[in-house]
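Notes for the one structure printed next.
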Amino acid sequence: MRSTKLSHNFFAKNTLWVAKNLLGKYLCRRLPSGKVIDAMITETEAYLGFNDKASHARKGRTKRTEVMFGPPGTIYVYLIYGMYHCLNLVTEKENYPAAVLIRGVAGVNGPGKVCRHFQIDRSLNNQKLGQGLWVEDRRNKKSPLRPDVYRDYEGQVKIKYKKLKRVGVDYAGESKNRPWRFLIAD
DNA sequence: TGCGCGATTCTC
DNA sequence: AGAATCGCGCAT
């Protein structure tokens, strides 16, 4: 089976493109015990730029958001509601605040539960993808396609996805209705 | 130094 | 609908 670890270059692109194209990829984690676990990414959300009123970076560079200004492929983990961690992957170019929130993987729905499943906490914050955490593209041209996967006229593997409003950002004014949540269509 | 809140989840 | 629970950002 062909399996390629995504390079940082993959993340140095338009955040909406990254959020959409992470669907169907595999999130992989080397646990502290050394065991490697993985699951297919099924749901993402994009947080994009200075003018996104839903983004943590809407207030600019702060101690917390500094990581969102870092180089693409950086891991951003924060604690929410004092008890859940959320995993983001930093996108675009350095000094531009953007990231993709991993909202769900196969069998695990919800960003807090994703981090619990993968044993992700803030010790990974500001680290680079690669050692303890990485993403793989496991397109296998010889395996039968799932119902949510198809090929375009050039034979490229594509994934059917839905575009919806982001969750939990009602405070975000004009940004709250942006369709920047992506999930694999069932 | 203090205060209010949140890119959530679970229970009632 | 309400609770749990705490680091961060901003006001004092």
Side-chain angles (χ1 to χ4, degrees), chain A residues 6 10-25 27 29 37 39-129 132-133 135 161-186:
Chain A
L6 296 186
F10 176 91
F11 299 91
K13 300 191 179 103
N14 177 282
T15 307
L16 300 179
W17 183 92
V18 175
K20 181 173 64 179
N21 283 279
L22 279 173
L23 297 176
K25 304 293 194 296
L27 186 63
R29 165 83 168 130
I37 62 173
M40 190 179 69
I41 296 169
T42 56
E43 184 175 351
T44 61
E45 277 179 0
Y47 289 86
L48 176 50
F50 299 91
N51 297 323
D52 180 0
K53 297 294 186 282
S55 172
H56 292 160
R58 66 190 177 276
K59 302 284 187 183
R61 268 186 203 256
T62 67
K63 179 182 173 186
R64 181 204 212 186
T65 63
E66 179 67 26
V67 57
M68 290 185 73
F69 292 77
T74 302
I75 299 164
Y76 170 34
V77 179
Y78 65 92
L79 183 68
I80 186 68
Y81 296 108
M83 53 192 116
Y84 300 105
H85 295 276
C86 289
L87 168 67
N88 299 256
L89 306 177
V90 174
T91 57
E92 309 264 351
K93 54 185 140 185
E94 200 159 4
N95 297 317
Y96 183 81
V100 172
L101 170 69
I102 307 299
R103 281 200 66 87
V105 299
V108 183
N109 299 315
K113 289 194 277 189
V114 167
C115 284
R116 191 174 60 190
H117 177 76
F118 282 98
Q119 297 180 34
I120 289 169
D121 61 26
R122 283 179 302 166
S123 66
L124 280 171
N125 186 49
N126 213 14
Q127 306 274 99
K128 297 262 176 62
L129 283 172
L133 188 72
V135 182
Y161 65 93
K162 294 178 187 170
K163 227 165 47 164
L164 299 172
K165 295 176 190 175
R166 293 174 293 182
V167 174
V169 295
D170 285 345
Y171 60 85
E174 78 264 14
S175 297
K176 74 175 184 186
N177 291 324
R178 302 221 167 130
W180 289 355
R181 175 188 180 202
F182 302 87
L183 55 104
I184 291 181
D186 265 335

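By convention in this document, chain letters (A, B, ...) are assigned in the order of the sequence lines, proteins followed by strands, and residues within each chain are numbered from 1. What you see is a predicted model, and the numbers here were worked out from it, not measured in a lab.
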Given protein heavy atoms under 4.0 Å, the one-letter contact record of nucleotides 3-12 of chain B, with B base, S sugar-phosphate only and - none, is simply ---BBBBS--
Dot-bracket for DNA chain C, 5' to 3', with Watson-Crick and G-U pairs under 3.5 Å, [ ] for crossing pairs and | for other-strand pairs: what is it? ||||.||||||.
Between Lys59(A) and dG9(C), is there a side-chain N or O to OP1/OP2 distance below 4.0 Å? no
What are the two closest heavy atoms between Val67(A) and Tyr76(A), and how far apart are they? CG1-CD1, 3.2 Å
Starting at CG of Asp121(A) and ending at C1' of dC6(C), how long is that distance when rounded to a whole Å? 15 Å
Is the His56(A) to Tyr78(A) ring centre distance short of 6.0 Å? yes
Least distance between heavy atoms, Ile102(A) atom then Val105(A) atom: CG2-CG1, 4.3 Å
No-hydrogen, no-angle side-chain donor-acceptor test under 3.5 Å, Glu94(A) and Tyr96(A): no
Is the closest basic N to carboxylate O distance between Arg166(A) and Glu45(A) below 4.0 Å? no
Is it true that Arg181(A) and Glu43(A) have a side-chain N and a carboxylate O under 4.0 angstrom from each other? yes
Applying side-chain contact (heavy atoms from CB on, under 4.5 Å) between Leu183(A) and each of Thr42(A), Leu164(A), Ile41(A), Thr44(A), report the one that passes. Leu164(A)
Give me the distance, rounded to whole Å, that separates dC5(B) from dG2(C) when you measure between the C1' atoms they each carry. 16 Å
Sugar-phosphate, base or nothing in reach of Arg181(A), heavy atoms under 4.0 Å: nothing
When you compare the side chains of Asn95(A) and Arg61(A), does any donor N or O come within less than 3.5 Å of an acceptor on the partner? yes
